[in-house]
Amino acid sequence: MILVTGGAGFIGANFVLNWLASQSEPVVNVDKLTYAGNLNNLASLKGDSRHIFVHADIGDSDTISALLAQHKPRAILHFAAESHVDRSIHGPAAFIETNVNGTFRLLEATRAYWQSLDAEAKQSFRFLHVSTDEVYGSLEADDPPFSETTAYAPNSPYSASKAASDHLVRAYHHTYGMPTLTTNCSNNYGPYHFPEKLIPLVITNARAGKDLPIYGDGSQVRDWLFVSDHCAAIRRVLENGRVGETYNVGGWNEKTNLNVVHTICDLLDELKPKSAGSYRDQIRFVKDRPGHDKRYAIDARKLERELGWKPAETFETGLRKTVEWYLANDVWTDQVLSGEYKNWVELQYQS
Ligand code: NAD
Ligand code: DAU
(Lines give C-alpha, C1' and ligand atoms only; values in the text may rest on other atoms or scores of the structure.)
(Ligands and ions follow the chains in the order given, each with its own letter.)
Protein backbone atom coordinates (compact mmCIF):
# COMPACT_ATOMS: atom_id res chain seq x y z
CA MET A 1 0.00 0.00 0.00
CA ILE A 2 0.92 3.65 -0.20
CA LEU A 3 0.77 6.31 2.51
CA VAL A 4 -0.43 9.80 1.64
CA THR A 5 -0.11 12.85 3.90
CA GLY A 6 -2.61 15.71 3.56
CA GLY A 7 -5.10 13.55 1.66
CA ALA A 8 -8.12 15.46 2.98
CA GLY A 9 -6.96 18.70 1.33
CA PHE A 10 -7.55 19.87 -2.23
CA ILE A 11 -4.84 18.07 -4.21
CA GLY A 12 -4.39 15.19 -1.77
CA ALA A 13 -8.09 14.31 -1.85
CA ASN A 14 -8.16 14.46 -5.66
CA PHE A 15 -5.09 12.22 -5.69
CA VAL A 16 -6.64 9.63 -3.33
CA LEU A 17 -9.94 9.63 -5.27
CA ASN A 18 -8.17 9.25 -8.63
CA TRP A 19 -5.85 6.56 -7.25
CA LEU A 20 -8.63 4.38 -5.86
CA ALA A 21 -10.73 4.88 -9.00
CA SER A 22 -7.99 3.42 -11.16
CA GLN A 23 -6.34 0.71 -9.06
CA SER A 24 -6.86 -1.60 -6.11
CA GLU A 25 -3.79 -0.76 -4.01
CA PRO A 26 -4.94 0.61 -0.61
CA VAL A 27 -4.11 4.08 0.70
CA VAL A 28 -3.34 5.11 4.28
CA ASN A 29 -4.33 8.78 4.46
CA VAL A 30 -2.75 10.80 7.28
CA ASP A 31 -4.23 14.25 7.78
CA LYS A 32 -4.38 16.70 10.71
CA LEU A 33 -7.67 18.15 9.43
CA THR A 34 -6.67 21.80 9.69
CA TYR A 35 -9.17 24.36 8.35
CA ALA A 36 -8.14 23.16 4.86
CA GLY A 37 -8.70 19.46 5.51
CA ASN A 38 -12.21 18.27 4.79
CA LEU A 39 -13.45 14.70 5.10
CA ASN A 40 -16.40 15.61 2.88
CA ASN A 41 -13.88 15.60 0.01
CA LEU A 42 -13.58 11.85 0.60
CA ALA A 43 -17.26 11.11 1.26
CA SER A 44 -17.52 8.91 -1.83
CA LEU A 45 -15.01 6.50 -0.23
CA LYS A 46 -17.23 5.78 2.78
CA GLY A 47 -17.24 2.03 3.41
CA ASP A 48 -14.30 1.43 1.04
CA SER A 49 -11.82 -0.69 3.01
CA ARG A 50 -8.99 0.34 0.66
CA HIS A 51 -9.03 3.83 2.23
CA ILE A 52 -7.67 4.00 5.78
CA PHE A 53 -8.00 7.49 7.21
CA VAL A 54 -5.82 8.46 10.18
CA HIS A 55 -6.34 11.78 11.95
CA ALA A 56 -2.76 12.77 12.84
CA ASP A 57 -0.09 15.44 12.52
CA ILE A 58 2.93 14.65 10.32
CA GLY A 59 5.03 16.12 13.15
CA ASP A 60 3.81 13.49 15.61
CA SER A 61 6.78 11.16 15.21
CA ASP A 62 5.48 8.38 17.48
CA THR A 63 2.20 8.09 15.59
CA ILE A 64 3.87 8.25 12.17
CA SER A 65 6.48 5.63 13.15
CA ALA A 66 3.76 3.32 14.49
CA LEU A 67 1.75 3.74 11.27
CA LEU A 68 4.77 2.93 9.11
CA ALA A 69 5.54 -0.18 11.18
CA GLN A 70 1.90 -1.29 11.02
CA HIS A 71 1.11 -0.70 7.34
CA LYS A 72 4.58 -1.04 5.75
CA PRO A 73 3.88 1.28 2.79
CA ARG A 74 5.95 0.87 -0.39
CA ALA A 75 5.79 4.64 -0.87
CA ILE A 76 4.98 7.87 0.96
CA LEU A 77 3.44 10.76 -0.98
CA HIS A 78 3.83 13.95 1.01
CA PHE A 79 1.11 16.51 0.25
CA ALA A 80 0.45 17.86 3.78
CA ALA A 81 1.31 21.53 4.14
CA GLU A 82 0.04 24.95 5.01
CA SER A 83 -0.56 26.14 1.46
CA HIS A 84 -2.08 29.64 1.28
CA VAL A 85 0.35 32.51 0.58
CA ASP A 86 -1.90 35.20 2.12
CA ARG A 87 -2.22 33.23 5.36
CA SER A 88 1.58 32.88 5.47
CA ILE A 89 1.83 36.68 5.36
CA HIS A 90 -0.57 37.09 8.30
CA GLY A 91 0.87 34.19 10.32
CA PRO A 92 4.05 32.47 9.15
CA ALA A 93 4.58 30.34 12.28
CA ALA A 94 2.19 27.55 11.22
CA PHE A 95 4.02 27.34 7.88
CA ILE A 96 7.39 26.82 9.56
CA GLU A 97 5.88 24.31 11.97
CA THR A 98 4.22 22.07 9.37
CA ASN A 99 6.16 22.68 6.17
CA VAL A 100 9.65 22.74 7.69
CA ASN A 101 9.56 21.01 11.10
CA GLY A 102 6.73 18.67 10.13
CA THR A 103 8.51 17.60 6.94
CA PHE A 104 11.73 17.13 8.91
CA ARG A 105 10.03 14.88 11.47
CA LEU A 106 8.29 12.93 8.71
CA LEU A 107 11.64 12.44 6.97
CA GLU A 108 13.23 11.22 10.20
CA ALA A 109 10.43 8.70 10.85
CA THR A 110 10.67 7.61 7.21
CA ARG A 111 14.44 7.21 7.39
CA ALA A 112 14.19 4.89 10.41
CA TYR A 113 11.44 2.86 8.71
CA TRP A 114 13.30 2.71 5.38
CA GLN A 115 16.51 1.57 7.04
CA SER A 116 14.60 -1.27 8.73
CA LEU A 117 13.38 -2.71 5.40
CA ASP A 118 14.97 -5.71 3.69
CA ALA A 119 17.22 -5.00 0.70
CA GLU A 120 14.54 -5.43 -1.96
CA ALA A 121 11.89 -3.33 -0.20
CA LYS A 122 14.53 -0.73 0.61
CA GLN A 123 15.45 -0.40 -3.03
CA SER A 124 11.91 -0.10 -4.35
CA PHE A 125 10.67 2.28 -1.61
CA ARG A 126 9.94 5.90 -2.63
CA PHE A 127 9.36 9.16 -0.74
CA LEU A 128 7.65 11.59 -3.12
CA HIS A 129 7.61 15.21 -1.97
CA VAL A 130 4.91 17.39 -3.52
CA SER A 131 6.18 20.95 -3.88
CA THR A 132 5.54 24.17 -5.72
CA ASP A 133 6.91 26.39 -8.48
CA GLU A 134 6.88 29.29 -5.99
CA VAL A 135 10.26 28.16 -4.64
CA TYR A 136 11.82 29.64 -7.81
CA GLY A 137 10.57 33.17 -7.07
CA SER A 138 9.12 35.53 -9.65
CA LEU A 139 9.71 35.95 -13.41
CA GLU A 140 9.79 39.09 -15.55
CA ALA A 141 7.57 39.12 -18.63
CA ASP A 142 10.30 38.00 -21.04
CA ASP A 143 12.15 35.53 -18.77
CA PRO A 144 12.19 31.85 -19.78
CA PRO A 145 9.95 29.61 -17.64
CA PHE A 146 11.28 27.90 -14.49
CA SER A 147 13.26 24.73 -15.19
CA GLU A 148 14.56 22.17 -12.69
CA THR A 149 17.89 24.02 -12.62
CA THR A 150 16.50 27.49 -11.94
CA ALA A 151 17.99 28.85 -8.69
CA TYR A 152 15.69 28.92 -5.68
CA ALA A 153 14.54 32.46 -4.73
CA PRO A 154 11.38 32.14 -2.60
CA ASN A 155 9.64 35.41 -1.78
CA SER A 156 6.85 34.63 0.72
CA PRO A 157 6.95 32.82 4.07
CA TYR A 158 4.95 30.05 2.34
CA SER A 159 7.41 29.60 -0.53
CA ALA A 160 10.41 29.92 1.81
CA SER A 161 8.99 27.15 4.00
CA LYS A 162 8.40 24.94 0.94
CA ALA A 163 11.93 25.68 -0.31
CA ALA A 164 13.30 24.60 3.08
CA SER A 165 11.34 21.35 2.86
CA ASP A 166 12.65 20.72 -0.68
CA HIS A 167 16.22 21.18 0.57
CA LEU A 168 15.64 18.73 3.43
CA VAL A 169 14.31 16.11 1.01
CA ARG A 170 17.31 16.66 -1.26
CA ALA A 171 19.66 16.28 1.70
CA TYR A 172 18.05 13.02 2.83
CA HIS A 173 18.72 11.57 -0.60
CA HIS A 174 22.25 12.93 -0.87
CA THR A 175 23.32 12.06 2.68
CA TYR A 176 21.42 8.90 3.55
CA GLY A 177 20.64 7.60 0.06
CA MET A 178 16.91 7.72 0.76
CA PRO A 179 15.01 7.15 -2.51
CA THR A 180 13.28 10.52 -2.81
CA LEU A 181 11.48 12.24 -5.68
CA THR A 182 10.34 15.88 -5.75
CA THR A 183 7.73 17.51 -7.96
CA ASN A 184 7.41 21.31 -8.28
CA CYS A 185 4.04 22.20 -9.72
CA SER A 186 2.30 25.35 -10.88
CA ASN A 187 -1.15 26.61 -9.75
CA ASN A 188 -3.77 23.86 -9.57
CA TYR A 189 -7.51 24.28 -9.93
CA GLY A 190 -10.49 21.91 -10.00
CA PRO A 191 -13.03 20.20 -7.70
CA TYR A 192 -12.67 20.44 -3.89
CA HIS A 193 -10.51 23.58 -4.10
CA PHE A 194 -10.86 25.55 -0.86
CA PRO A 195 -12.49 28.92 -1.67
CA GLU A 196 -9.74 31.07 -0.18
CA LYS A 197 -7.76 30.58 -3.42
CA LEU A 198 -8.46 32.77 -6.48
CA ILE A 199 -10.51 30.46 -8.74
CA PRO A 200 -12.90 28.90 -6.17
CA LEU A 201 -13.17 32.24 -4.34
CA VAL A 202 -14.31 33.99 -7.50
CA ILE A 203 -16.81 31.25 -8.38
CA THR A 204 -18.37 31.15 -4.91
CA ASN A 205 -18.39 34.94 -4.44
CA ALA A 206 -19.92 35.45 -7.88
CA ARG A 207 -22.72 33.02 -7.10
CA ALA A 208 -23.32 34.72 -3.73
CA GLY A 209 -23.55 38.18 -5.34
CA LYS A 210 -20.38 39.34 -3.55
CA ASP A 211 -17.37 41.35 -4.77
CA LEU A 212 -14.75 39.57 -6.86
CA PRO A 213 -11.48 40.89 -5.34
CA ILE A 214 -8.54 41.35 -7.67
CA TYR A 215 -5.25 42.26 -6.00
CA GLY A 216 -3.51 45.31 -7.49
CA ASP A 217 -4.17 45.68 -11.22
CA GLY A 218 -4.70 41.95 -11.93
CA SER A 219 -1.74 41.79 -14.31
CA GLN A 220 0.10 39.05 -12.40
CA VAL A 221 0.53 35.81 -14.32
CA ARG A 222 0.07 32.22 -13.09
CA ASP A 223 0.44 28.95 -15.03
CA TRP A 224 -2.73 26.93 -14.38
CA LEU A 225 -2.99 23.13 -14.30
CA PHE A 226 -6.16 21.07 -13.83
CA VAL A 227 -5.74 19.06 -10.63
CA SER A 228 -6.27 15.60 -12.16
CA ASP A 229 -3.40 16.33 -14.57
CA HIS A 230 -1.18 17.08 -11.56
CA CYS A 231 -2.30 13.79 -9.95
CA ALA A 232 -1.47 11.89 -13.15
CA ALA A 233 1.98 13.50 -13.21
CA ILE A 234 2.61 12.45 -9.60
CA ARG A 235 1.61 8.85 -10.39
CA ARG A 236 3.97 8.87 -13.38
CA VAL A 237 6.88 10.23 -11.31
CA LEU A 238 6.18 7.71 -8.54
CA GLU A 239 6.34 4.76 -10.92
CA ASN A 240 9.11 5.82 -13.29
CA GLY A 241 10.87 8.91 -11.94
CA ARG A 242 14.60 8.72 -11.43
CA VAL A 243 15.48 8.56 -7.74
CA GLY A 244 16.85 11.81 -6.32
CA GLU A 245 15.48 13.86 -9.23
CA THR A 246 13.07 16.78 -9.27
CA TYR A 247 10.39 17.20 -11.94
CA ASN A 248 8.59 20.43 -12.82
CA VAL A 249 4.87 20.05 -13.53
CA GLY A 250 2.90 22.74 -15.37
CA GLY A 251 0.04 23.32 -17.73
CA TRP A 252 1.57 25.62 -20.37
CA ASN A 253 -1.39 27.85 -19.47
CA GLU A 254 -0.08 31.29 -18.53
CA LYS A 255 -2.93 33.69 -17.75
CA THR A 256 -3.20 37.04 -16.01
CA ASN A 257 -5.42 37.08 -12.94
CA LEU A 258 -7.76 39.51 -14.71
CA ASN A 259 -8.05 37.13 -17.64
CA VAL A 260 -8.85 34.22 -15.28
CA VAL A 261 -11.57 36.19 -13.50
CA HIS A 262 -13.09 37.40 -16.78
CA THR A 263 -13.19 33.83 -18.09
CA ILE A 264 -14.94 32.58 -14.95
CA CYS A 265 -17.49 35.41 -15.20
CA ASP A 266 -18.15 34.61 -18.85
CA LEU A 267 -18.65 30.88 -18.07
CA LEU A 268 -21.07 31.76 -15.27
CA ASP A 269 -22.92 34.20 -17.54
CA GLU A 270 -23.40 31.27 -19.94
CA LEU A 271 -24.17 28.48 -17.43
CA LYS A 272 -26.03 30.39 -14.69
CA PRO A 273 -27.02 33.83 -16.07
CA LYS A 274 -28.00 36.58 -13.63
CA SER A 275 -31.40 38.14 -14.00
CA ALA A 276 -29.68 41.37 -15.08
CA GLY A 277 -26.10 42.26 -16.04
CA SER A 278 -22.90 40.23 -16.04
CA TYR A 279 -20.87 38.67 -13.23
CA ARG A 280 -18.07 40.94 -14.47
CA ASP A 281 -19.96 43.83 -12.79
CA GLN A 282 -18.96 42.36 -9.40
CA ILE A 283 -15.18 42.73 -10.06
CA ARG A 284 -13.40 45.03 -7.59
CA PHE A 285 -9.71 45.98 -7.54
CA VAL A 286 -8.41 45.77 -3.96
CA LYS A 287 -5.08 46.41 -2.24
CA ASP A 288 -2.24 44.28 -3.52
CA ARG A 289 -0.65 41.28 -1.78
CA PRO A 290 2.62 42.37 -0.10
CA GLY A 291 5.59 41.10 -2.12
CA HIS A 292 3.20 39.81 -4.81
CA ASP A 293 5.11 37.60 -7.28
CA LYS A 294 4.57 38.93 -10.82
CA ARG A 295 4.76 35.83 -12.92
CA TYR A 296 5.15 32.05 -12.63
CA ALA A 297 5.69 29.80 -15.64
CA ILE A 298 6.83 26.19 -15.75
CA ASP A 299 8.99 24.42 -18.28
CA ALA A 300 7.61 20.86 -17.99
CA ARG A 301 9.68 19.39 -20.82
CA LYS A 302 11.78 17.11 -18.57
CA LEU A 303 8.64 15.33 -17.38
CA GLU A 304 7.40 14.99 -20.94
CA ARG A 305 10.76 13.86 -22.33
CA GLU A 306 11.65 11.36 -19.60
CA LEU A 307 8.25 10.09 -18.49
CA GLY A 308 5.92 10.93 -21.36
CA TRP A 309 3.57 13.09 -19.28
CA LYS A 310 1.49 15.87 -20.83
CA PRO A 311 -1.58 17.64 -19.44
CA ALA A 312 -4.87 16.28 -20.80
CA GLU A 313 -6.90 19.43 -20.13
CA THR A 314 -6.56 22.86 -21.65
CA PHE A 315 -7.41 25.85 -19.46
CA GLU A 316 -10.71 26.19 -21.32
CA THR A 317 -11.84 22.58 -20.81
CA GLY A 318 -10.55 22.38 -17.22
CA LEU A 319 -12.10 25.66 -16.13
CA ARG A 320 -15.47 24.73 -17.63
CA LYS A 321 -15.40 21.41 -15.71
CA THR A 322 -14.47 23.30 -12.54
CA VAL A 323 -17.26 25.87 -12.82
CA GLU A 324 -19.74 23.08 -13.58
CA TRP A 325 -18.53 21.13 -10.52
CA TYR A 326 -19.06 24.13 -8.21
CA LEU A 327 -22.52 24.76 -9.67
CA ALA A 328 -23.45 21.11 -9.03
CA ASN A 329 -21.98 20.96 -5.52
CA ASP A 330 -23.62 23.73 -3.49
CA VAL A 331 -23.81 21.51 -0.42
CA TRP A 332 -20.04 21.03 -0.33
CA THR A 333 -19.49 24.77 -0.73
CA ASP A 334 -22.05 25.75 1.91
CA GLN A 335 -20.42 23.42 4.43
CA VAL A 336 -17.00 24.92 3.72
CA LEU A 337 -18.15 28.56 3.83
CA SER A 338 -18.83 28.50 7.55
CA GLY A 339 -16.92 28.80 10.80
CA GLU A 340 -13.24 29.56 10.54
CA TYR A 341 -13.56 30.53 6.87
CA LYS A 342 -15.68 33.56 7.81
CA ASN A 343 -12.98 34.80 10.20
CA TRP A 344 -10.41 34.55 7.43
CA VAL A 345 -12.49 36.56 4.96
CA GLU A 346 -12.96 39.27 7.60
CA LEU A 347 -9.23 39.46 8.29
CA GLN A 348 -8.09 39.41 4.66
CA TYR A 349 -10.66 41.49 2.80
CA GLN A 350 -12.14 43.91 5.36
CA SER A 351 -9.00 45.18 7.08
P1 NAD B 1 -4.51 22.29 1.08
O2 NAD B 1 -4.20 23.43 1.98
O3 NAD B 1 -5.81 22.26 0.33
O4 NAD B 1 -4.44 20.93 1.90
C5 NAD B 1 -3.42 20.65 2.82
C6 NAD B 1 -3.83 19.43 3.63
O7 NAD B 1 -2.76 19.13 4.55
C8 NAD B 1 -5.09 19.62 4.46
O9 NAD B 1 -5.93 18.49 4.36
C10 NAD B 1 -4.56 19.77 5.88
O11 NAD B 1 -5.47 19.34 6.89
C12 NAD B 1 -3.31 18.90 5.83
N13 NAD B 1 -2.32 19.28 6.84
C14 NAD B 1 -1.84 20.52 7.10
N15 NAD B 1 -0.94 20.48 8.10
C16 NAD B 1 -0.82 19.18 8.45
C17 NAD B 1 -0.02 18.48 9.41
N18 NAD B 1 0.82 19.14 10.20
N19 NAD B 1 -0.14 17.14 9.48
C20 NAD B 1 -1.00 16.46 8.68
N21 NAD B 1 -1.79 17.06 7.78
C22 NAD B 1 -1.69 18.41 7.65
O23 NAD B 1 -3.27 22.19 0.09
P24 NAD B 1 -3.25 21.76 -1.45
O25 NAD B 1 -3.54 22.92 -2.29
O26 NAD B 1 -4.00 20.51 -1.59
O27 NAD B 1 -1.67 21.46 -1.60
C28 NAD B 1 -1.14 20.17 -1.33
C29 NAD B 1 0.36 20.21 -1.54
O30 NAD B 1 0.65 20.58 -2.87
C31 NAD B 1 1.09 21.22 -0.65
O32 NAD B 1 2.30 20.64 -0.24
C33 NAD B 1 1.33 22.40 -1.57
O34 NAD B 1 2.48 23.11 -1.18
C35 NAD B 1 1.52 21.71 -2.89
N36 NAD B 1 1.15 22.49 -4.09
C37 NAD B 1 -0.07 23.10 -4.18
C38 NAD B 1 -0.42 23.77 -5.35
C39 NAD B 1 -1.76 24.44 -5.51
O40 NAD B 1 -1.97 25.14 -6.51
N41 NAD B 1 -2.71 24.25 -4.61
C42 NAD B 1 0.49 23.83 -6.41
C43 NAD B 1 1.74 23.20 -6.27
C44 NAD B 1 2.05 22.52 -5.12
O1 DAU C 1 2.12 28.29 -7.88
C2 DAU C 1 1.70 27.25 -7.03
C3 DAU C 1 1.00 27.84 -5.83
O4 DAU C 1 -0.25 28.31 -6.28
C5 DAU C 1 0.84 26.84 -4.68
O6 DAU C 1 2.10 26.47 -4.21
C7 DAU C 1 0.00 27.45 -3.56
O8 DAU C 1 -0.23 26.48 -2.55
C9 DAU C 1 -1.32 27.92 -4.14
O10 DAU C 1 -2.09 28.53 -3.13
C11 DAU C 1 -1.09 28.88 -5.30
O12 DAU C 1 -0.53 30.13 -4.83
P13 DAU C 1 -1.00 31.54 -5.43
O14 DAU C 1 -0.67 32.59 -4.46
O15 DAU C 1 -0.53 31.72 -6.82
O16 DAU C 1 -2.60 31.25 -5.50
P17 DAU C 1 -3.86 32.14 -5.11
O18 DAU C 1 -5.06 31.41 -5.60
O19 DAU C 1 -3.83 32.55 -3.68
O20 DAU C 1 -3.67 33.44 -5.98
C21 DAU C 1 -3.57 33.35 -7.41
C22 DAU C 1 -3.33 34.76 -7.93
O23 DAU C 1 -4.54 35.51 -7.72
C24 DAU C 1 -2.25 35.51 -7.19
O25 DAU C 1 -1.55 36.33 -8.12
C26 DAU C 1 -2.99 36.37 -6.19
C27 DAU C 1 -4.30 36.66 -6.90
N28 DAU C 1 -5.48 36.83 -6.01
C29 DAU C 1 -5.75 35.88 -5.08
C30 DAU C 1 -6.84 36.00 -4.24
C31 DAU C 1 -7.10 34.96 -3.16
C32 DAU C 1 -6.34 37.91 -6.20
O33 DAU C 1 -6.13 38.75 -7.09
N34 DAU C 1 -7.43 38.02 -5.39
C35 DAU C 1 -7.70 37.12 -4.38
O36 DAU C 1 -8.70 37.32 -3.64
Side-chain angles (χ1 to χ4, degrees), residues 9-15 35-36 38 41 79 81 83-87 132-134 158 185-231 249-272 278-280 282-286 288-289 292-293 295-298 311-330 332-337 341 344-345 348-349:
F10 163 49
I11 304 174
N14 275 283
F15 181 85
Y35 77 92
N38 184 353
N41 299 354
F79 294 87
S83 71
H84 191 31
V85 172
D86 294 319
R87 284 187 192 252
T132 172
D133 60 358
E134 299 200 13
Y158 163 68
C185 189
S186 62
N187 286 62
N188 284 215
Y189 66 100
Y192 306 111
H193 203 180
F194 194 81
E196 65 186 355
K197 307 280 174 77
L198 180 69
I199 288 181
L201 178 91
V202 166
I203 299 171
T204 50
N205 276 15
R207 292 283 294 120
K210 294 181 180 164
D211 290 352
L212 311 181
I214 297 189
Y215 298 163
D217 61 4
S219 64
Q220 295 79 14
V221 171
R222 297 291 182 265
D223 171 3
W224 294 96
L225 181 69
F226 193 60
V227 63
S228 61
D229 278 327
H230 186 192
C231 295
V249 190
W252 303 103
N253 277 315
E254 285 187 58
K255 306 281 174 200
T256 65
N257 294 337
L258 194 55
N259 184 300
V260 168
V261 176
H262 281 158
T263 310
I264 295 170
C265 290
D266 296 349
L267 277 166
L268 285 169
D269 284 338
E270 176 198 329
L271 298 168
K272 201 87 184 171
S278 162
Y279 288 97
R280 286 192 186 207
Q282 290 166 231
I283 291 174
R284 300 285 177 274
F285 291 90
V286 301
D288 209 348
R289 171 185 281 175
H292 200 169
D293 283 339
R295 174 178 166 237
Y296 304 143
I298 278 279
E313 301 288 346
T314 64
F315 188 64
E316 289 66 32
T317 60
L319 196 60
R320 180 173 287 273
K321 282 183 183 173
T322 304
V323 171
E324 285 171 347
W325 186 88
Y326 277 88
L327 291 177
N329 286 277
D330 283 349
W332 181 89
T333 314
D334 291 346
Q335 183 270 337
V336 166
L337 298 182
Y341 179 79
W344 166 250
V345 171
Q348 174 68 4
Y349 296 98

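Worth saying up front: this structure is predicted, and the values here are computed from it rather than measured.
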(request) Would you indicate whether the side-chain heavy atoms of L327 and L268 approach each other to under 4.5 Å? (result) yes

(request) Enter the distance from D229:CG to Y189:OH here, rounded to the nearest 0.5 Å. (result) 7.5 Å

(request) Ignoring hydrogens and angles, tell me if any N or O in the side chain of D211 forms a donor-acceptor pair with the backbone of P213 under 3.5 Å. (result) no

(message) Taking Y279's backbone N and O only, do any of them form a donor-acceptor pair with D269's side chain (distance below 3.5 Å, no angle check)?
(response) yes

(request) To the nearest 0.5 angstrom, please state how far the CZ atom of F10 sits from the CG atom of N38. (result) 13.0 Å

(request) Go through the side-chain N and O atoms of D86 and Y215 and say whether any donor and acceptor fall under 3.5 Å apart. (result) yes

(request) State, with a plain yes or no, whether a side-chain heavy atom of N14 is found less than 4.5 Å away from one of H230. (result) no

(message) Looking at every heavy atom in both D217 and I214, which two are closest together, and how far apart are they?
(response) C-CG2, 4.5 Å

(message) Taking the basic N atoms (NZ, or NE/NH1/NH2) and the acidic carboxylate oxygens, is any pair closer than 4.0 Å for D293 and R222?
(response) no

(message) Do L258 and K255 have side chains that approach each other closer than 4.5 Å (heavy atoms only, starting at C-beta)?
(response) no

(request) Check whether any side-chain N or O of T317 sits under 3.5 Å from a backbone N or O of E313 as a donor-acceptor pair, and report yes or no. (result) no

(message) Nearest 0.5 Å, please: how far is CD1 in I264 from CG in L198?
(response) 6.0 Å

(request) Using a 4.5 Å cut-off on heavy atoms from C-beta on, say whether the side chain of Y192 contacts that of V227. (result) no

(request) Determine which pairs satisfy salt bridge (Lys or Arg N to Asp or Glu O under 4.0 Å) with at least one residue from residues 185-209, sequence neighbours left out, and list them in order. (result) R87-E196

(message) Ring-plane angle category for F315 and W224, please: parallel below 30°, perpendicular beyond 60°, tilted otherwise.
(response) tilted

(message) To the nearest 0.5 Å, what is the distance between CG on L212 and CZ on R284?
(response) 8.0 Å

(request) State whether the side chain of N188 and the backbone N or O of S186 hold a donor-acceptor pair below 3.5 Å, judged by distance alone. (result) yes

(request) Let me know which of L225, D133, I11 forms a side chain to side chain contact (heavy atoms under 4.5 Å, CB included) with C185. (result) L225

(message) Restricting to non-hydrogen atoms, name the atom on K210 and the atom on Q282 that form the minimum distance, rounded to 0.1 Å.
(response) O-NE2, 2.7 Å

(message) Return the OG1 to NE2 distance between T333 and H193, rounded to the nearest 0.5 Å.
(response) 13.0 Å

(message) Go through it in stages, so that I can follow the logic: the residues are R280 and D266, the test is side-chain contact (heavy atoms from CB on, under 4.5 Å), and I'd like the CA-CA distance, side-chain angles, deciding distance and then a yes or no.
(response) CA-CA 8 Å; R280 286 192 186 207; D266 296 349; 2.8 Å; yes

(message) Keeping D223 on the side-chain end and Y296 on the backbone end, is there a donor-acceptor pair under 3.5 Å?
(response) no

(message) Restricting to non-hydrogen atoms, name the atom on I203 and the atom on Y326 that form the minimum distance, rounded to 0.1 Å.
(response) CG2-CB, 3.7 Å

(request) Could you check if a side-chain atom of N41 sits within less than 4.5 angstrom of a side-chain atom of W332, using non-hydrogen atoms only? (result) yes

(message) What I'd like to find out is whether the side chain of K272 reaches to under 4.5 Å of the side chain of V323, using heavy atoms alone.
(response) no

(request) State, yes or no, whether a side-chain contact exists between I199 and L319 at a heavy-atom distance under 4.5 Å. (result) yes

(request) May I ask you to test the N329-P191 pair for a side-chain heavy-atom distance under 4.5 Å? (result) no

(request) Please work out which of the three classes, parallel, tilted or perpendicular, describes the rings of F15 and F79, given edges at 30° and 60°. (result) tilted

(message) To the nearest 0.5 Å, what is the distance between CG on N187 and CD on E254?
(response) 11.0 Å

